[in-house]
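As structure tokens, the structure follows; a few thoughts come after it.
Whatever order the structure lists ligands and atoms in, that order sets their numbers, starting from 1. Along the sequence shown, residues carry numbers from 1. In this text the structure is predicted, and so the values were computed from the model without any measurement.
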Amino acid sequence: MDKNISFVVLLAVAWLTFKLLRFGRRDKNLPPGPPTIPILGNVHLLPRKFPFLRFTEWAKEYGGIISLKVVNGTIVVLSDMRSITELLDDRSAELSSRPAFSGLDVVTGGKYFVTAPSASHFWKISRKVIQPMVSPQGVQKYFLIQDAETTQLLYDILHCPEEFYSHISPTTLSFITSIVFGKPTPRHDSPVATLFRDFILQFSKAFSPEAAPVDFVPVLKYIPERWAPWKKLWRDTRELQRSLYFGLLDDAEKRASSGIKQNTFVERIIERQAELGLDRETIAYICGVLLDGGSETTASHLKNLFLCLVKSPASLRKAQKEIDNVIGERRMPVPNDIHNLPYVQAVIKETHRLRPVAPTAVPHAPVNDCEYRGYTIPKGTPIFMNIWQIKDGVFHDPNIFERPEDFWPERYLLTPDGTKPGLPEGVGNIRSTLQFGSGKRLCPGMHLANTNSSLAIMRLLWAFDFAPMNESDRQPPTWDIENEYLDGITLTPKPFQCKITPRSKEKVEVIKECYERTVVLD
Ligand code: HEM
């Protein structure tokens, strides 16, 4: 070989080796974190399940803001209230974008506004069009649908109490499919409910921490499908998602063209289609996202709440006593009742604290390189907020919360944010919407979730007694995340059994009467 060519090749190899060896190394301007190894960085330490547990351990060791190296990329985790407030809330304009989600873009054709960049017209218009539906005033309009869905839930539990766990998800899904597409799906085995379950299962697999890290190792994107099983997973997920979204849209369009007016979200958006400049594809995805974001999250919250109450019979009795005093036997709770039930409100808040549905939320990303407390967080870095246990902050911190590992709703009767009374100025101050994310990305569905789940909770507590299946399960309760919880996008307990009995004959009669007058179509 020519001497000059040999020299160039040698230089190129040396340069590549130098570059490669730098992979995985933590730059000195990044926040601290666990020690790295060459090339991989911290990949070998990344948890496959329940990442918030490991993030919490690292927060105790390295501080409230840490970085993790994933090959040449970086992840930042915020585990203290101060950095969440100062970065994600106060500097929301700079930190409300999303990191790259290339796999998701393949699945959705880039039409998923949950992961769209904050500067994109698509994200802005999507948030704008859903606003009237999810605003505090907008959500008041759905009482008839909530009434029908929660009555159906009580009726199903009355007839099949042992299936309590499986009755919950169809209720929350049916509520969303009704308000968005005008299509109730209250049965566990209805075609839409079955398709939705299949899709969510596939979707969770495609985006679990075990899936291929294509955004950190971009070369993985170019591997042919026969050696890249994740690509088949993306393709299958795309098919399921499209058949769910477009199936519901087709049906809604058919009903509309045969003159049926249902006043649904999709009808209103189609009426404004030209004015908003939206094509049919975009409409299907904006509507479909609401199913994904709004159904299993609310169901997980309800499952968490009842699991906590089954383990805390004293809290259950206290909540029921309050409901009995305010509502009595002869009518079912209605949405406004929640304002007269401070203890039930405390139970709801305590469930969000002890078992947040999304303990690491959805990662944000800085629009440009971002300076903070002497660190530089590179543009596009995924930033997770870890609300599970925040150092010097929230949720499970013994300095801030009395008995943080206990389910103890009373804490929310002592102070509005449930923190210890008399904390020094500036300590505590937990934002009441923390479980719904932060800044401009704050969950748009939170009012919908709150009104919908509080009606279901009031009605279930009014109607039924809940107890452990076996006396031996009563005391002391275990609170075991790793064994009791499913591995998935939301923090959801595994199916659990409990003994459910109606609280009185009068209440059974009220449920039956309401069921007969509420028409539920499947
Ligand atoms: C208990 C129920 C719920 C919880 C705990 C929850 C939690 C969250 C969280 C943590 C985020 C990420 C926020 C961030 O990036 O900072 C989020 C985003 C989102 N949620 Fe919810 N959510 C719930 C219910 C709902 C409902 C009922 C809907 C809609 C009908 C909904 C629709 C969405 C959407 C569309 C986004 C993406 C927003 C964006 O990227 O701009 N969620 N939610």
Side-chain angles (χ1 to χ4, degrees), residues 52 78 84-85 87-89 91-92 95-99 101 104 108 111-120 122-135 138-139 142 145-146 149 168-169 171-181 264-266 285-305 348-349 351-365 382-388 395 431-457 489-492:
F52 53 91
L78 308 180
I84 290 177
T85 310
L87 274 176
L88 301 187
D89 291 340
R91 292 171 63 178
S92 174
L95 283 121
S96 276
S97 204
R98 295 289 193 210
F101 281 101
L104 222 141
T108 63
K111 294 276 179 195
Y112 212 58
F113 82 81
V114 179
T115 52
S118 55
S120 65
F122 171 53
W123 178 71
K124 290 178 189 159
I125 192 93
S126 302
R127 293 277 307 209
K128 190 174 160 196
V129 291
I130 67 167
Q131 186 52 25
M133 176 186 131
V134 294
S135 68
V139 302
Y142 306 120
I145 295 173
Q146 284 168 330
E149 294 301 341
I168 293 181
S169 296
T171 307
T172 56
L173 175 66
S174 187
F175 172 69
I176 298 280
T177 54
S178 299
I179 63 171
V180 175
F181 289 106
T264 56
F265 173 65
V266 73
Y285 278 94
I286 293 179
C287 294
V289 164
L290 300 175
L291 266 50
D292 305 353
S295 170
E296 271 312 295
T297 42
T298 314
S300 292
H301 176 60
L302 291 174
K303 289 169 186 171
N304 276 314
L305 185 135
I348 294 172
K349 290 179 193 162
T351 307
H352 278 307
R353 183 195 71 83
L354 191 70
R355 291 295 178 261
V357 165
T360 47
V362 180
H364 288 216
I383 303 182
F384 287 91
M385 58 186 246
N386 169 28
I387 62 168
W388 182 254
F395 282 2
R431 173 161 55 78
S432 64
T433 53
L434 197 62
Q435 66 277 11
F436 290 107
S438 49
K440 293 204 280 179
R441 291 285 184 165
L442 191 67
C443 172
M446 68 181 176
H447 302 294
L448 202 58
N450 285 342
T451 50
N452 200 25
S453 62
S454 60
L455 186 66
I457 289 159
I489 294 176
T490 54
L491 183 66
T492 309

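For atom 25 (C) of ligand 1, the nearest non-hydrogen atom of the protein is Gly293 O, 3.3 Å. For atom 30 (C) of ligand 1, the closest heavy atom belonging to the protein is Leu448 CD2, 3.6 Å. Shortest contact from atom 11 (C) of ligand 1 to any protein heavy atom: Phe436 O, 4.0 Å. Protein heavy atom in closest approach to atom 24 (C) of ligand 1: Thr297 OG1, 3.3 Å. Nearest protein neighbour of atom 21 (Fe) of ligand 1, counting heavy atoms only, is Cys443 SG, 2.3 Å. When only non-hydrogen protein atoms are considered, atom 7 (C) of ligand 1 lies nearest to Gln435 O, 3.8 Å. Ranking the protein heavy atoms by distance from atom 36 (C) of ligand 1 puts Pro444 CD, 3.6 Å first. At the top of the distance list for atom 35 (C) of ligand 1, counting protein heavy atoms only, stands Phe113 CZ, 3.5 Å.
Below 4.0 Å from some heavy atom of Arg127 lie the following atoms of ligand 1, by number and element: 38 (C), 39 (C), 41 (O). Close contacts of ligand 1 with Ala361, meaning ligand atoms under 4.0 Å from a residue heavy atom, involve 10 (C). Ligand-side atoms of ligand 1 in range of Val114: 37 (C), 40 (O), range being under 4.0 angstrom from any heavy atom. For ligand 1, the atoms sitting less than 4.0 Å from at least one non-hydrogen atom of Val289 are 35 (C), numbered in the order shown with element in parentheses. Within ligand 1, counting atoms from 1 as listed, the ones closer than 4.0 Å to a heavy atom of Gly437 are 10 (C), 13 (C), 14 (C), 16 (O).
Any N or O atom pair closer than 3.5 Å counts here, and Trp123 shares at least one such pair with ligand 1. Between Arg441 and ligand 1, at least one pair of N/O atoms sits closer than 3.5 Å. Below 3.5 Å of separation, one finds an N or O of Ser438 facing an N or O of ligand 1.
Using a 4.0 Å cut-off between heavy atoms, Val362 contacts ligand 1 through both its backbone and its side chain. Only the side chain of Arg98 comes within contact range of ligand 1, with a heavy atom under 4.0 Å; no backbone atom does. The proximity of Leu88 to ligand 1, defined as any non-hydrogen pair under 4.0 Å, does not occur for either the backbone or the side chain. At a heavy-atom distance under 4.0 Å, only side-chain atoms of His364, from C-beta outward, approach ligand 1. The proximity of Met385 to ligand 1, defined as any non-hydrogen pair under 4.0 Å, does not occur for either the backbone or the side chain.
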Could you walk me through whether Tyr142 and Leu448 pass side chain to side chain contact (heavy atoms under 4.5 Å, CB included), step by step?
CA-CA 9 Å; Tyr142 306 120; Leu448 202 58; 3.8 Å; yes
Using side chain to side chain contact (heavy atoms under 4.5 Å, CB included), reason through Val357 and Glu296 one step at a time and then give a plain yes or no.
CA-CA 9 Å; Val357 165; Glu296 271 312 295; over 6 Å; no
Give the C-alpha distance, both sets of side-chain angles, the deciding distance and a yes or no for side chain to side chain contact (heavy atoms under 4.5 Å, CB included) between His301 and Ile348.
CA-CA 9 Å; His301 176 60; Ile348 294 172; 3.7 Å; yes
Report the C-alpha separation of Thr264 and Val180 in whole Å, then their side-chain angles, then the decisive distance to 0.1 Å, and conclude whether the side chain to side chain contact (heavy atoms under 4.5 Å, CB included) test is met.
CA-CA 6 Å; Thr264 56; Val180 175; over 6 Å; no
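A donor-acceptor pair under 3.5 Å is absent between the side-chain atoms of Asn304 and the main chain of Leu354, judged by distance alone. Side chain of Thr433 to main chain of Phe436: no donor-acceptor pair is present (N/O by atom type, distance under 3.5 Å, no hydrogens or angles). Side chain of Thr451 to main chain of His447: a donor-acceptor pair is present (N/O by atom type, distance under 3.5 Å, no hydrogens or angles). Without hydrogens or angle criteria, Arg98 side chain to Ser118 main chain gives no donor-acceptor distance under 3.5 Å.
Of the inter-residue distances, the one linking Ile286 atom CD1 with Ile130 atom CD1 reads 8.5 Å to the nearest 0.5 angstrom. With values rounded to the nearest 0.5 angstrom, Trp388 atom CH2 is found 9.0 Å from Arg353 atom CZ. Here the CD atom belonging to Glu149 is positioned 7.5 Å from the CD1 atom belonging to Ile145, to the nearest 0.5 angstrom.
Annotation: side chain to side chain contact (heavy atoms under 4.5 Å, CB included) contacts of Gln435 (sequence neighbours excluded): His352, Ile387, Phe395.
Scanning Ala299, Ala116, Ala449, Gly294 for the heavy atom closest to atom 28 (C) of ligand 1 points to Gly294.
Residues Thr490 and Ser300 have side chains that bring a donor and an acceptor to within less than 3.5 angstrom of each other.
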